[in-house]
Amino acid sequence: MHIVVLVKQVPDWDIPPSSFKVDEAAKKVVPPQGVAPVTSQFDAIAAEAAMRIKDADATTKVTIMSMGAATARDVIKQGLAMGADEGVLLTDAAFDDLDSYGAATVLSTAVKKLGDVDLVLTGRQAVDWDSGVTPTLIAGMLGAPVITFGKRVAVAGGTVTVERVLPDSLETVEASLPAVVSVSNELGEPRYPKLPQIMAAGKKQVTTWAAGDLGLDAGTLGQKLTLEALYVPVVDTKVEIMAGDTPEEQAMALAKRLQDAKLI
Amino acid sequence: MDFQLSEEHNMMRASVKQMLSTYEHRKKEWREMTHRDHNFNYELWNEFANLGLFGCLVPEEYGGNNSGLLALTLAFEDICALGFSPSLMLVTCMDTACILKNGSEEMKRRIIPGVLSGKTILVFAVTEPNAGSNTFRIETVAKRNGDSYVMNGQKTFITGVEVADYMLVVARTTTRDEVVAKNLPKSHGLSLFLVDPKSKGMTKTPIPTVATEGVYQWQLFFDNVEIPAENLVGVEDQGVMAMFTSLNPERILVGGICCGMAEQAITMAVNYAKERRVFKDTPIGAYQGVQHPLAEAKIHLEASRLMTYRAAWAFDQNLNPGIVGNYANQAKLLAADTALEAVDASLETHGGIGFAEETGLAQLWNGARVLKTAPLNREMILNYVAEQDLGLPRSY
């Protein structure tokens with residue numbers, strides 16, 4: 001069993017909103033100064049899902065793969081410290097600012113290059129752009145089934161069984177391997193690496209592939225989406241105190257106000 | 001010159017923070033448990049062990065992770081910055097460093113596994129009523145008697161004896177009179193022993209103190225306490241050098257603790273100053289009278305970090321212990337002063353609410369104040385720097 005976990009390095013989502021800035025002219029997020037980027041929240045949970053499968057079957061091989069700047073090596077190392085076996089960094093100027101389709105093209109090509117992959121695990125969405133379509137695009141490009149929003153992932157006998165989260169319930173589905181599965185936060189908190197694992201991860205090598213190694217170039221990674229504008233929306237907050245001599249009168253006033261605003 | 005921390009350091013810090021975040025809701029309960037009731041926090045201790053922090057100074061051949069003193073110092077800083085306490089991890093780790101450097105192979109194999117798993121707690125016993133900063137005046141004696149030593153004397157202000165499995169005790173195996181009579185160096189005659197606090201002949205009396213978290217301070221009396229000879233750490237009569245192998249890490253780790261305390265205090269003050277409004281709708285953080293003390297504390301914190309990290313780095317590089325000691329002492333002094341400065345500025349920013357138990361700031365002030373005096377006071381560090389660094393003559 002060979003599992004590839006796709007992880008993305010994103011700006012730390014835990015920073016105060018006042019530290020989040022965008023360059024509207026360049027249509028880019030300005031990295032917050034002094035705050036190191038981190039592993040996208042759901043991708044760390046995908047690594048946790050892989051490690052649980054490896055806990056159950058120690059022969060499972062887990063590869064952590066990330067596309068991004070050279071600093072994305074850090075999030076690969078984080079996965080290695082959680083217990084993964086190998087790391088692959090996909091970095092090239094041609095990979096900068098790709099949309100979901102472009103990213104899926106690069107990632108699926110790299111997965112194919114690895115050759116013996118049984119299961120691709122991803123987060124349900126990256127917490128920077130929150131598009132949530134890359135896992136499905138990758139599955140399409142690999143010609144593999146995809147199961148999204150996994151809460152529990154288990155593999156046995158060439159099949160992956162996933163308990164997936166629906167808006168008001170859970171459902172359990174199966175797919176034959178190879179497959180792509182995205183996981184959701186309901187799977188649980190990712191484990192934190194212990195110091196012996198962290199030190200061991202420091203000795204594990206991370207393979208780096210550029211566009212040329214994958215037979216790709218900027219021309220084959222054309223954008224499908226056009227970013228028209230990027231800005232921080234202005235949120236206007238107002239406080240209204242509901243009039244009324246009793247709580248009941250205030251509640252009635254609130255209900256009428258919400259109704260007038262067509263909120264209920 | 002590279003000021004970047006390594007990938008491993010950053011990952012370790014992330015793990016420490018992630019582990020502690022799961023206990024955020026227990027912080028108030030634990031503060032009361034340790035500060036008010038002096039109960040030891042075994043739950044957090046076991047988490048430290050599970051994370052591998054006790055293995056930072058331990059080579060892999062003994063089951064450690066050998067990530068180094070800088071890694072451990074960063075962990076201490078983060079633990080304190082997040083409002084938790086490393087507690088006896090300081091003394092257990094410094095004792096571990098001493099055993100690894102000076103102990104027999106049999107002792108390392110016997111003691112270190114328990115330390116790594118969190119099952120063995122070590123404390124340090126050097127201070128006596130007549131021997132504080134001047135270790136050479138130690139009067140507790142240990143006389144060889146066949147396969148054991150017999151210890152007599154007393155120690156005071158020994159931390160955490162009630163939970164310790166072993167105390168690393170400094171005692172005389174050659175008396176001062178014998179040293180003088182034989183014209184031996186004054187450093188001669190001290191030896192280190194691992195002593196079980198439950199040994200027959202030991203009397204323990206708690207000393208009521210404030211600012212001791214989760215444990216008590218103790219006065220100890222040794223009345224013909226028998227210690228197996230294999231519990232001698234290092235070479236008989238040559239304990240001074242062995243002792244100093246644990247004192248350098250101690251001071252560096254105190255630097256880390258103080259940096260964390262300062263970070264916590266400044267963060268609390270900044271958050272409060274952004275919200276608190278006294279005049280019109282302006283947060284008090286906009287007033288320079290509030291800003292400047294916090295900004296000064298922040299600058300001193302950055303300086304303290306640099307000095308503390310350099311000292312830890314020097315220890316990890318196996319630089320000459322004298323050089324490491326110089327760095328360690330200077331870092332400890334600045335960091336301890338900074339912690340107190342930062343907590344004081346934070347209290348001033350908070351005003352009356354700063355003294356409410358729920359903020360924890362008053363308790364933090366107690367802790368910071370202790371570290372200005374302990375484990376080595378400012379005056380002795382200044383003496384050391386004046387003599388060792390500046391080459392000035394000694395007056396005492």
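Chain A is the first sequence line, chain B the second, and so forth, proteins listed ahead of strands; every chain is numbered from 1. In this text the structure is predicted, and so the values were computed from the model without any measurement.
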Heavy-atom contact with chain A under 4.5 Å, split by part of B/Glu7: side chain
Any side-chain heavy-atom pair of A/Ile198 and B/Ser67 under 4.5 Å: no
Part of B/Asn50 lying under 4.5 Å from any heavy atom of chain A: both
Heavy-atom pair of closest approach, residues B/Gly52 and A/Leu195: O-CD1, 3.5 Å
Side chain B/Gln18, main chain A/Pro190, donor-acceptor under 3.5 Å: yes
A/Gln33 atom CD: more than 12 heavy-atom contacts under 6.0 Å: no
Neighbour count above 12 (heavy atom, 6.0 Å) for B/Glu61 CD: yes
A/Lys113 NZ: over 12 foreign heavy atoms closer than 6.0 Å: yes
Positive for side-chain contact (heavy atoms from CB on, under 4.5 Å) with A/Tyr192, one of B/Lys17, B/Met11, B/Met19: B/Met19
Gap separating the OG atom of B/Ser15 from the CD atom of A/Gln78, nearest 0.5 angstrom: 6.0 Å
Atom pair NZ/CD of A/Lys77 and B/Glu8 - distance to nearest 0.5 Å: 6.5 Å
Max heavy-atom pair count under 4.5 Å with chain B, selected residue of A/Ala201, A/Gly202, A/Pro193: A/Pro193
NZ/B/Lys28: more than 12 non-hydrogen atoms of other groups inside 6.0 Å: no
Nearest-0.5 Å distance, CE of residue A/Met199 to OG of residue B/Ser6: 7.5 Å
Atom NZ of B/Lys101 with >12 non-hydrogen neighbours under 6.0 angstrom: no
Spacing of A/Glu189 atom CD and B/Ser21 atom OG [to the nearest 0.5 Å]: 7.0 Å
